[in-house]
**Student:** 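Below: one structure in structure tokens.
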Amino acid sequence: MPRSYTPAERRTRAWLVVCGAKQAFADCVDPLIEQRIDRIDERAEDRGYREAAALHRLHEQAKDEVAAAKAAERAASREDRRAARTAREKAERRLRDTERAVRRHG
């Protein structure tokens, strides 16, 4: 369940949780507060799934680019080998970056 809150959602949700806690001590919790928190959580969860899917698509693209760069390097002539190696190294760096982003996101 990855969730991705915007800064405004974090502030609003924190404020609503505090208000809900105060009301819980007074034993008169407003159901609208819980509904607003649930709506914020649903939006954040949807955004989180979309971001995760986009990261995985980028990661798959980076894998394809590395495979293509390796094939191009193997097929390159002697004069073009250096440029092909540079392109492969750049593709591998991008792959490592996307792997790191996928791990961070969860």
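Counting from 1, the numbers follow the sequence of the chain as shown.
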**Student:** Does Arg36 CZ have over 12 foreign heavy atoms under 6.0 Å away?
**Tutor:**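 Count not over threshold, so no.
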**Student:** Are the charged groups of Glu60 and Lys63 less than 4.0 angstrom apart, N to O?
**Tutor:**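 Answer for the salt bridge query: yes.
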**Student:** Sorted by first residue and then second, give each side chain to side chain donor-acceptor pair (under 3.5 Å) pair with at least one member in residues 14-26; sequence neighbours left out.
**Tutor:**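 Side chain to side chain donor-acceptor pair (under 3.5 Å) check on residues 14-26 returns no pairs.
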**Student:** Just wondering, do Thr98 and Gln61 contact through their side chains at under 4.5 Å, heavy atoms?
**Tutor:**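 The answer is no; the side chains never approach within 4.5 Å.
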**Student:** Closest approach of Ala91 and Val66, non-hydrogen atoms and distance?
**Tutor:**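 Closest approach of Ala91 to Val66: O-CG2, 3.4 Å.
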**Student:** Minimum heavy-atom separation for Arg74 to Arg81, with atom names?
**Tutor:**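 The answer is O-NH2, 4.3 Å.
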**Student:** So, are Asp97 and Arg93 salt-bridged, with charged N and O less than 4.0 Å apart?
**Tutor:**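 Judged by the 4.0 Å cut-off on N to carboxylate O distance, Asp97 and Arg93 do not form a salt bridge.
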**Student:** Nearest 0.5 Å, what's the NE2-CG distance between His56 and Leu58?
**Tutor:**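 Going from NE2 on His56 over to CG on Leu58, the span is 10.5 Å.
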**Student:** Using a strict 4.0 Å threshold on nitrogen-to-oxygen distance, state whether Arg88 and Glu92 make a salt bridge.
**Tutor:**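 Yes, charged N to carboxylate O under 4.0 Å.
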**Student:** Does some side-chain heavy atom of Pro2 sit less than 4.5 Å from a side-chain heavy atom of His105?
**Tutor:**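 They are in side-chain contact.
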**Student:** For a side-chain contact (heavy atoms from CB on, under 4.5 Å) check, start with the C-alpha distance between Glu42 and Asp46, then their side-chain angles and the critical distance, and finish with the verdict.
**Tutor:** CA-CA 6 Å; Glu42 287 173 9; Asp46 181 53; over 6 Å; no
**Student:** Does one hydrophobic cluster hold both Tyr5 and Ile33, with members joined at side-chain heavy-atom distances below 4.5 Å?
**Tutor:**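 Yes, Tyr5 connects to Ile33 through the hydrophobic network.
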**Student:** Sequence neighbours excluded, which residues qualify as side-chain hydrogen bond (donor to acceptor under 3.5 Å, both in side chains) partners of Ser4?
**Tutor:**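 Expected list: Glu51.
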**Student:** To the nearest 0.5 Å, how far apart are CZ in Arg13 and CG in Asp38?
**Tutor:**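 Taking CZ in Arg13 and CG in Asp38, the distance rounds to 9.0 Å.
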**Student:** Using the test salt bridge (Lys or Arg N to Asp or Glu O under 4.0 Å), find all partners of Glu9 that sit at least two apart in sequence or belong to another chain.
**Tutor:**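 Scan of Glu9 (salt bridge (Lys or Arg N to Asp or Glu O under 4.0 Å), adjacent residues dropped) gives Arg43, Arg47.
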**Student:** Is the shortest heavy-atom distance from the side chain of Glu34 to the side chain of Leu16 under 4.5 Å?
**Tutor:**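 SC-SC contact between Glu34 and Leu16 ruled out.
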**Student:** Looking at Glu65 and Arg94, is any side-chain nitrogen of the basic one under 4.0 Å from a carboxylate oxygen of the acidic one?
**Tutor:**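 The answer is yes: the pair qualifies as a salt bridge.
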**Student:** Taking atom CG of Asp30 and atom CD of Gln35, what is their separation to the nearest 0.5 Å?
**Tutor:**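 Answer for the CG-CD pair, Asp30 versus Gln35, is 8.5 Å.
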**Student:** Would you call Val17 and Ile37 a side-chain contact if the rule is heavy atoms closer than 4.5 Å?
**Tutor:**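 Of all side-chain heavy-atom pairs linking Ile37 with Val17, at least one is under 4.5 Å.
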**Student:** Within the supplied structure, the quantity of interest is the number of heavy atoms (other residues, nucleotides, ligands) at a distance under 6.0 Å from Arg50 CZ; does it exceed 12?
**Tutor:**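 Not buried by this count: 12 neighbours or fewer within 6.0 Å.
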**Student:** Hey, what do you get for CZ (Arg100) to CG (Leu95), rounding to the nearest 0.5 Å?
**Tutor:**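 Answer rounded to 0.5 Å: 10.5 Å.
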